[in-house]
**Student:** 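This is the structure, below, for whatever I ask next.
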Amino acid sequence: QVQLVESGGGLVQAGDSLRLSCAASVLTFGWYAMGWFRQAPGKEREFVAGINGSGGSTAYAASVKDRFTISRDNAKNTLYLQMSALKPEDTAVYYCAASVKGQPMPQRADYGYWGQGTQVTVSS
């Protein structure tokens, strides 16, 4: 069983930066590939970024590539998402998720564990 708790969301202005964290309560955090997804009102939940268990392989959605950075600290059982140059269209609830698959997968169905989400609001 993996429990995930996101934090770090908030209200920021366009162009600002924000770092999200996801704390995992599991003994074998490094076994799991992790991902960040987001869901805006009225839209489907979409993949944002993913990272493999060791942190050596990452993947990003085209809309956030070069602005967002996913990372993990396996010693602290924590996943991060550093977001910069935020835009109003980045406004969404952000979720972290864990996958038993080895590589950062972009499909929701590949993730079996989800956090409760943290709201990010970017004003123009």
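Please read these numbers as outputs of a predicted model, since none were measured by experiment.
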**Student:** Run the side-chain hydrogen bond (donor to acceptor under 3.5 Å, both in side chains) test against Ser71 and tell me which residues pass, sequence neighbours left out.
**Tutor:**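 Listed in chain order: nothing, the list is empty.
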
**Student:** Can you name the side chain to side chain contact (heavy atoms under 4.5 Å, CB included) partners of Gln107, sequence neighbours left out?
**Tutor:**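 So Gln107 forms a side chain to side chain contact (heavy atoms under 4.5 Å, CB included) with Asp110.
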
**Student:** Mind checking what makes side chain to side chain contact (heavy atoms under 4.5 Å, CB included) contact with Gln39, not counting sequence neighbours?
**Tutor:** Arg45, Tyr95

**Student:** Might you point out which heavy atoms bring Gly50 and Pro104 nearest each other, and give the distance in Å?
**Tutor:** C-CB, 3.2 Å

**Student:** Before giving the answer on side-chain contact (heavy atoms from CB on, under 4.5 Å), spell out for Val26 and Gln3 the whole-Å C-alpha distance, their side-chain angles and the decisive distance to 0.1 Å.
**Tutor:** CA-CA 7 Å; Val26 63; Gln3 293 185 326; over 6 Å; no

**Student:** Exactly one of Leu18, Val48, Thr69, Val64 should register a side chain to side chain contact (heavy atoms under 4.5 Å, CB included) with Leu81. Which one does?
**Tutor:** Val48

**Student:** State the CG-OG distance between Asn77 and Ser25, to the nearest 0.5 angstrom.
**Tutor:**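 Reported to 0.5 Å precision, the distance equals 8.5 Å.
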
**Student:** Could you pull out all residues at least two apart from Thr28 that satisfy side-chain hydrogen bond (donor to acceptor under 3.5 Å, both in side chains)?
**Tutor:** none

**Student:** For Asn74, what residues pass the side-chain hydrogen bond (donor to acceptor under 3.5 Å, both in side chains) criterion, not counting sequence neighbours?
**Tutor:** Arg72

**Student:** Which residue pairs satisfy the ring pair (Phe, Tyr, Trp, His ring centres under 6.0 Å) criterion with at least one member in residues 58-80, sequence neighbours excluded?
**Tutor:** none

**Student:** So, using salt bridge (Lys or Arg N to Asp or Glu O under 4.0 Å) as the criterion, who are the partners of Glu89 when residues are at least two apart?
**Tutor:** none

**Student:** What residues, two or more places apart in sequence or in another chain, satisfy salt bridge (Lys or Arg N to Asp or Glu O under 4.0 Å) together with Arg67?
**Tutor:**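 Salt bridge (Lys or Arg N to Asp or Glu O under 4.0 Å) list for Arg67, sorted by chain: Asp90.
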
**Student:** Identify every side-chain donor-acceptor pair in residues 117-124 under 3.5 Å, counting partners at least two apart or on other chains, and give the distances.
**Tutor:**
residue: Thr118; atom: OG1; partner: Gly9; partner atom: N; Å: 3.2
residue: Gln119; atom: NE2; partner: Ala92; partner atom: O; Å: 3.4
residue: Gln119; atom: NE2; partner: Thr121; partner atom: OG1; Å: 3.3
residue: Ser123; atom: OG; partner: Val12; partner atom: O; Å: 3.3

**Student:** Do the non-hydrogen side-chain atoms of Gln103 and Ser57 ever get within less than 4.5 Å of each other?
**Tutor:**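 Yes; the side chains approach each other to less than 4.5 Å.
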
**Student:** First locate atom OG of Ser21, then atom CG of Leu79, and finally report the distance between them rounded to the nearest 0.5 Å.
**Tutor:**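 CG of Leu79 is found 8.5 Å from OG of Ser21.
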
**Student:** In chain order, what residues pass the side-chain hydrogen bond (donor to acceptor under 3.5 Å, both in side chains) check against Gln82, with sequence neighbours excluded?
**Tutor:** none

**Student:** Do Val100 and Val2 land in one hydrophobic cluster if side-chain heavy atoms of ILVMFWY residues count as linked below 4.5 Å?
**Tutor:**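 Both belong to a single hydrophobic cluster.
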
**Student:** Which pairs count as disulfide bond (SG atoms under 2.5 Å apart) when at least one residue sits in residues 14-124, sequence neighbours excluded?
**Tutor:** Cys22-Cys96

**Student:** Please, which pairs that meet ring pair (Phe, Tyr, Trp, His ring centres under 6.0 Å) have at least one residue in residues 8-38, sequence neighbours excluded?
**Tutor:**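 For residues 8-38, and leaving out neighbouring residues, the ring pair (Phe, Tyr, Trp, His ring centres under 6.0 Å) pairs sorted by first residue read Phe37-Phe47, Phe37-Tyr111, Phe37-Trp114.
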
**Student:** So Arg38 and Val93, do their side chains get closer than 4.5 Å, heavy atoms only?
**Tutor:**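 Counting from C-beta outward, Val93 and Arg38 never come under 4.5 Å.
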
**Student:** So which heavy atom on Gly115 is nearest to which on Glu6, and how close?
**Tutor:**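 Closest approach of Gly115 to Glu6: CA-OE2, 3.2 Å.
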
**Student:** Going from CE on Met105 to CG on Asn52, what distance comes out if it is rounded to the nearest 0.5 angstrom?
**Tutor:** 12.0 Å

